[in-house]
Amino acid sequence: MFVKICGLSQAEHVATAVGAGADAIGFVMTRSPRRVTPERAAELAAEVPEHVLTVGVFRGEDPETVRAAALASGVRAVQLHGRHPHADFTALKDLGITLIRAVDNQADLRCGAYDEDLLLVDAPHAGSGERWDWGAVRGRASGRWMLAGGLAPGNVREAIEAAAPWGVDVSSGVESAPGVKDSRLIEEFLRSVRG
């Protein structure tokens with residue numbers, strides 16, 4: 001099971017996530033309590049070993065803004081959240097990095113439909129930490145797709161059984177307060193997923 005820990009902003013939490021076995025680390029570079037600058041993301045990404053995917057997360061920014069931030073931060077993947085048009089993914093393809101399309105369950109749930117490499121299916125209100133009907137996407141999402149939204153150490157096994165995803169993504173479920181990650185919860189989440 002592929003595991004992405006998103007919304008990291010402190011070196012200690014990046015180290016915890018990597019040490020606990022995360023496959024991907026997300027840096028939010030858009031409007032959010034978890035926002036970091038491309039420069040800060042570059043500092044944090046520099047500490048991440050090559051086998052762990054570093055992801056810049058964006059919502060609504062135009063491709064040129066995303067491109068500039070991705071190049072400045074050195075992330076190895078870009079996640080476009082929300083209803084970005086197919087053209088946005090096409091415009092970023094030449095970067096040669098992993099592209100992630102993040103949508104709610106009302107969107108086209110075929111991974112690769114927008115030329116993305118990975119798909120993320122999130123709650124209707126992304127970033128809210130609200131639990132939703134994970135089972136509603138079972139059998140609808142295809143390819144390499146991650147489940148997100150309302151996940152936490154105590155419910156991630158239930159969510160995996162309900163939706164049967166290729167991977168999972170967590171942000172607010174491993175926080176002690178909005179935007180404040182908790183190393184113990186990060187470790188617990190990875191233990192829960194990997195059993």
Side-chain angles (χ1 to χ4, degrees), residues 2-18 22-104 107-123 125-129 143-146 148-149 167 169-172 174-175 178-181 186:
F2 188 92
V3 179
K4 176 169 166 272
I5 309 291
C6 200
L8 298 177
S9 60
Q10 301 299 320
E12 67 173 293
H13 301 133
V14 171
T16 297
V18 169
D23 299 291
I25 306 284
F27 305 116
V28 177
M29 290 185 262
T30 192
R31 295 171 303 284
S32 165
R34 300 161 187 92
R35 184 177 199 156
V36 294
T37 64
E39 294 71 29
R40 178 64 177 150
E43 291 170 10
L44 296 168
E47 303 301 313
V48 178
E50 215 162 280
H51 70 275
V52 177
L53 192 65
T54 50
V55 183
V57 178
F58 302 89
R59 175 194 289 278
E61 287 83 3
D62 63 83
E64 287 317 304
T65 301
V66 172
R67 174 187 297 277
L71 292 172
S73 61
V75 291
R76 295 191 283 275
V78 160
Q79 177 177 313
L80 300 183
H81 223 107
R83 296 298 174 103
H84 281 263
H86 194 155
D88 285 3
F89 293 89
T90 303
L92 296 167
K93 205 73 175 158
D94 68 314
L95 283 172
I97 62 177
T98 300
L99 296 179
I100 303 171
R101 179 169 60 99
V103 293
D104 63 30
D108 186 330
L109 301 184
R110 295 169 300 150
C111 180
Y114 283 56
D115 291 325
E116 77 277 17
D117 303 292
L118 302 174
L119 176 69
L120 188 149
V121 183
D122 204 346
H125 303 289
S128 66
R144 297 197 307 167
W145 73 277
M146 290 176 272
D169 173 284
V170 68
S171 185
S172 59
V174 292
E175 291 179 345
V180 182
K181 291 294 184 278
I186 292 171

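FYI, the numbering just counts along the sequence from 1. FYI, side chains are in, hydrogens and waters are out, and symmetry mates aren't considered; it's all heavy atoms of this structure.
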*Donor-acceptor under 3.5 Å (Ser73 side chain, Ala41 main chain)*: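 Checking the backbone N and O of Ala41 against the side chain of Ser73, no donor-acceptor pair under 3.5 Å is found.
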_Backbone of Ala45 reached by a side-chain donor or acceptor of Glu47 within 3.5 Å_ =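 Here the side-chain-to-backbone pair does not exist.
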Answer whether the closest heavy-atom distance between the side chains of [X] and [Y] falls below 4.5 Å.
X: Val170; Y: Glu175; answer: no
X: Thr90; Y: Asp88; answer: no
X: Cys6; Y: Val57; answer: yes
X: Thr54; Y: Val52; answer: no
X: Leu109; Y: Val103; answer: yes
X: Leu80; Y: Val66; answer: yes
X: Val55; Y: Lys4; answer: yes
X: Gln79; Y: Leu118; answer: no

*Among Glu61, Arg59, Arg35, find the one that has a side-chain hydrogen bond (donor to acceptor under 3.5 Å, both in side chains) with Thr30.*
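Of Glu61, Arg59, Arg35, side-chain hydrogen bond (donor to acceptor under 3.5 Å, both in side chains) with Thr30 is met by Glu61 alone.
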*asked:* Is a donor from one side chain sitting under 3.5 angstrom from an acceptor on the other, for Lys181 and Thr16?
replied: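 Per modelled atom types, Lys181 and Thr16 side chains form no pair under 3.5 Å.
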*In terms of heavy-atom contacts, does CZ of Arg110 have more than 12 from other residues, nucleotides or ligands at under 6.0 Å?*
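No, not enclosed.
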Which heavy atom of [X] sits nearest to which heavy atom of [Y], and what is that distance?
X: Pro38; Y: Ala72; result: CB-CB, 3.9 Å
X: Ala77; Y: Ile100; result: CB-CD1, 4.4 Å
X: Leu95; Y: Ala70; result: CD1-CB, 4.5 Å
X: Gly179; Y: Arg34; result: CA-CG, 3.8 Å
X: Ala148; Y: Leu120; result: CB-CD2, 3.6 Å
X: Ala91; Y: Pro63; result: CB-CB, 3.9 Å

*Begin from the C-alpha positions of Arg67 and Val78 and carry the test side chain to side chain contact (heavy atoms under 4.5 Å, CB included) through to its verdict.*
CA-CA 9 Å; Arg67 174 187 297 277; Val78 160; over 6 Å; no
Inter-residue atom distance [X].[atom1] - [Y].[atom2], 0.5 Å rounding:
X: Ile97; Y: Leu92; atom1: CD1; atom2: CG; value: 7.5 Å
X: Met29; Y: Thr65; atom1: CE; atom2: OG1; value: 12.0 Å
X: Asp169; Y: Trp145; atom1: CG; atom2: CH2; value: 12.0 Å
X: Leu119; Y: Leu99; atom1: CG; atom2: CG; value: 12.5 Å

*Please step through side chain to side chain contact (heavy atoms under 4.5 Å, CB included) for the pair Val14 and Ile5, ending with a clear verdict.*
CA-CA 9 Å; Val14 171; Ile5 309 291; over 6 Å; no
_I'd like to know whether Ile25 forms a side chain to side chain contact (heavy atoms under 4.5 Å, CB included) with Leu53, so could you lay out the CA-CA distance, the side-chain angles of the two residues, the decisive distance to 0.1 Å, and finally the verdict._
CA-CA 6 Å; Ile25 306 284; Leu53 192 65; over 6 Å; no
*With side chain to side chain contact (heavy atoms under 4.5 Å, CB included) as the test, would you mind laying out the steps for Arg101 and His84 before giving the verdict?*
CA-CA 8 Å; Arg101 179 169 60 99; His84 281 263; over 6 Å; no
